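Input: a single structure, listed below in structure tokens.
Below, each value reflects all heavy atoms present in this structure, side chains not excepted, and no hydrogens, waters or symmetry copies. In listed order, ligands and their atoms are each counted from 1. Because the structure is a prediction, the values reported are computed rather than measured.
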Amino acid sequence: MVKELPWLQTKKATTSMTMRLYDTARQEIVDLELGDHVRMYVCGITPYDSTHLGHAATYLTYDLIIRRLEDLGHTVELVRNVTDVDDSILPKARELGIDFLQLAESEINRFTQDMEALNTRPAALEPRATESIVGMIELIRGLESGGHTYTVDGVTYFDVTTFVSFGELSHLTNEEMTALAAERGGSPDDPRQRNALDFVLWQPSADDEPRWDSPFGAGRPGWHIECSAMSMDALGTTIDIHGGGEDLIFPHHECEIAQSESVTGVTFSRYWVHTGLVGYQGTKMSKSLGNLVFVSDLRQEIDPRAIRLALMAHHYRSNFEWFDEEASDAQSDLDRLVRAAGKADPVSHGPLVDEVRSALDDDLDTPRVRAALLGAAQSIEDGAGPPHRGCLVAAASLCGIDLH
Ligand SMILES: [Zn+2]
């Protein structure tokens with residue numbers, strides 16, 4: 001991890017800027033009104049496949065937000081869960097003929113190494129779904145006693161008609177939600193459901209699947225309840241910022257809100273921040289197409305700092321395509337930054353640092369940050385203007401790129 005630079009600490013006290021980010025629920029860029037201590041929950045991986053570039057782009061985004069909030073004087077408590085039991089890891093473990101926890105263990109290790117290589121701030125806590133079952137059962141019991149559930153054939157569902165604000169995060173119509181639910185793990189056509197958008201809280205396990213005892217029968221949790229329980233266990237009933245990829249807005253996050261707020265009666269998350277999706281050379285990047293770009297492969301090819309720099313070329317909310325040549329371009333860009341930083345001079349306050357801070361505050365405008373860093377490196381190399389190599393090092397450090 002990068003060492004804290006002393007100038008960053010002294011600068012904290014003098015700044016009065018506020019970070020602004022796009023909030024999915026409000027559908028606009030808003031000032032983040034945060035206390036000293038910020039509670040952030042980001043949906044983590046399902047450990048059945050290696051970390052790909054889409055994961056890297058997502059976790060880099062929250063890492064940059066954390067770094068800027070820390071720079072502004074906040075402490076950030078990041079909780080990022082591990083979905084080690086759900087409808088995707090179990091079939092994969094079955095296919096490989098290994099225990100699902102064994103599969104999870106090796107993929108979690110790989111993910112941790114990738115995140116460390118990318119210099120992302122470690123999470124304060126990484127709860128695993130399989131170790132948080134008690135909290136999930138408690139939550140479902142709370143929902144049951146509030147009249148939000150029903151059980152058919154051993155499957156306990158959440159009844160969405162009992163939560164009037166269902167749909168207010170995604171702003172989708174019922175028809176749009178129904179279509180997406182079918183695509184993303186829901187079962188709108190299941191005749192046992194009272195409403196197409198109802199979702200599973202608890203279900204019986206197949207013969208070769210893990211099961212836990214519960215008041216609703218032996219079985220396993222639904223996907224959405226896992227994150228509500230892990231978030232509330234770790235961070236309390238209200239968190240400040242909830243993150244994840246934009247494909248989680250519906251149904252995952254919409255369902256998290258419904259379950260959580262139905263039990264607590266208070267706002268589940270004050271801000272919702274979502275990242276765009278990464279494609280590959282004109283097509284969807286997906287497991288089924290076999291074109292996932294894995295971080296572990298990419299960092300054999302280029303410096304992990306160059307991966308950060310490459311991803312910063314794309315705004316976090318945009319869906320973008322990754323092209324192979326971006327890797328070598330990013331490595332050349334990084335080389336230029338390293339060359340320009342050279343023997344850093346002691347001057348570390350300057351317009352470049354202010355420019356980077358204000359671009360980060362402006363809905364995390366990383367393309368602008370990247371252009372500012374490369375522009376400064378160019379002028380240092382050209383000998384134009386004051387060299388201020390120390391400013392370049394300081395500004396890059398704000399973005400988690402160590403040029404020392
Ligand atoms: Zn989640």
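Defined by atom type and a distance below 3.5 Å, a donor-acceptor pair is present between the side-chain atoms of Arg368 and Ser358. Side chains of Asp402 and Asn119: a donor-acceptor N/O pair is absent below 3.5 angstrom, by distance only.
For the Zn ion (ligand 1), the N/O/S atoms of His253 include none lying under 2.8 Å. The Zn ion (ligand 1) has no N, O or S atom of His224 under 2.8 Å away, backbone or side chain.
With the Zn ion (ligand 1) at the apex, Cys227 SG and His252 NE2 define an angle of roughly 110° (rounded to 10 degrees).
Under the 6.0 Å cut-off for aromatic ring centres, Phe268 and Tyr41 do not qualify, their centroids lying 6.0 Å or more apart.
Remark: Arg194 is positioned above the aromatic ring of Tyr150, its terminal NZ or CZ atom under 6.0 angstrom from the ring centre and at most 45 degrees off the axis.
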